[in-house]
Asks: 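Have a look at the structure that comes next, please.
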Amino acid sequence: MAAAAARRWLTGRARPGPPVRGCGEAAGWGKRERSYWRALRRRVLGPPVPPFAAPCQVGAPVLRTTAATVTPERLGGPELRELAAALAAGLRRGPCLGLSAPQLGVPLRVFAAELSPARCRQYPPALRRAHRIEPFPLRLLVNPALRILDARLVTAPEGCASLQGFSAYVPRHWAVHVSGTDPTGPACTPYPGWDPVPAPPLSRVDEHGEPVSWEATGWAARIIQHEMDHLDGILYIDRMDARTFTNVGWMELLD
């Protein structure tokens with residue numbers, strides 16, 4: 001709209017141009033339209049069914065819902081194993097460091113986390129040392145329970161697959177303990193090219209969902225707390241320092 005007004009001011013007359021969305025439409029108040037092919041695909045294939053291939057974005061009601069506990073009879077079942085596989089695939093497709101079931105449209109208390117050595121090396125050395133960013137293999141937890149081990153709050157930048165393109169500084173406890181069950185056991189394969197490294201205590205489990213225990217410090221503890229929040233309908237924007245909220249592509253948008 002501003003560009004069109006500038007053209008009119010420069011030329012003294014209006015020129016035809018592409019339709020411009022108003023502020024209300026940009027905020028999601030306008031009518032949503034699908035392209036012909038998207039509408040046809042939806043008509044033929046039907047609406048997508050959870051677990052979705054891509055994370056839900058903020059605004060989806062499932063992200064603000066308290067997730068339900070997984071009942072004992074569902075542990076080790078095909079539906080839970082399918083969810084576990086979708087979470088693992090979503091982590092690596094992202095790539096994400098953590099992903100919860102609600103983010104894939106499934107309101108259950110399940111999350112996955114992984115930090116590969118290759119991804120770990122992408123962080124600046126100073127940040128790795130300051131926040132104890134260390135690799136850990138893929139971990140899946142069902143009905144996790146969180147206990148704070150070190151209540152010191154450390155502030156660091158966070159992003160989220162459900163708020164793509166944004167980040168903010170968020171305070172998190174330095175060390176936590178999380179316990180739960182793993183629905184997959186031996187079927188949970190490590191990241192391709194994984195180079196085993198010493199990891200926090202973790203009991204290996206089978207497909208029947210035996211207990212899992214994980215003590216985490218630094219970045220791993222931050223990831224756990226972020227995912228635990230998702231299970232209670234909380235997003236990092238609820239805990240962030242609002243003045244640090246950033247569109248990570250703001251410089252490109254000005255070009």
Asks: Would you call Arg64 and Asp232 a salt bridge, taking side-chain N to carboxylate O under 4.0 Å as the test?
Replies: no
Asks: For the CE atom of Met240 and the SG atom of Cys160, what is their distance to the nearest 0.5 Å?
Replies: 12.0 Å
Asks: Looking only at non-hydrogen atoms, find the nearest pair between Val178 and Pro144 and report the distance.
Replies: CG2-CB, 3.7 Å
Asks: May I ask you to say whether Arg139 pairs ionically with Glu114, meaning some side-chain N is under 4.0 Å from a carboxylate O?
Replies: no
Asks: Do NZ/NE/NH1/NH2 and the carboxylate oxygens of Glu134 and Arg128 come within less than 4.0 Å?
Replies: no
Asks: Would you mind reporting whether Leu97 and Arg119 have side-chain heavy atoms less than 4.5 Å apart?
Replies: yes
Asks: Looking only at side-chain N and O atoms, does Ser162 offer a donor or acceptor that is under 3.5 Å from a partner on Gln57?
Replies: no
Asks: So which atom in Ala53 and which in Arg93 form the shortest heavy-atom distance, rounded to 0.1 Å?
Replies: O-NH1, 2.6 Å
Asks: Show the numbers, then the answer: is there a side chain to side chain contact (heavy atoms under 4.5 Å, CB included) between Leu80 and Leu75?
Replies: CA-CA 7 Å; Leu80 196 56; Leu75 289 173; 3.8 Å; yes
Asks: If every non-hydrogen atom of Leu91 is compared with every non-hydrogen atom of Ala112, which pair is closest and at what distance?
Replies: CD1-CB, 3.7 Å
Asks: Can you name the closest pair of heavy atoms from Pro102 and Val62 and give their distance?
Replies: O-CG1, 3.4 Å
Asks: Working to the nearest 0.5 Å, report the span between CG of Leu231 and CZ of Arg109.
Replies: 5.0 Å
Asks: For the residue pair His226 / Glu158, report whether a side-chain donor-acceptor contact shorter than 3.5 Å exists.
Replies: yes
Asks: Quick one: which residue pairs count as a side chain to side chain donor-acceptor pair (under 3.5 Å) with a foot in residues 239-255, not counting sequence neighbours?
Replies: Asp229-Arg239
Asks: Can you confirm whether Pro171 sits close enough to Val154 that some side-chain heavy atom of one is under 4.5 Å from a side-chain heavy atom of the other?
Replies: no
Asks: Between His131 and Trp219, what is the ring plane arrangement, given parallel below 30°, perpendicular above 60°, and tilted in between?
Replies: perpendicular
Asks: So Tyr169 and Tyr236, do their side chains get closer than 4.5 Å, heavy atoms only?
Replies: no
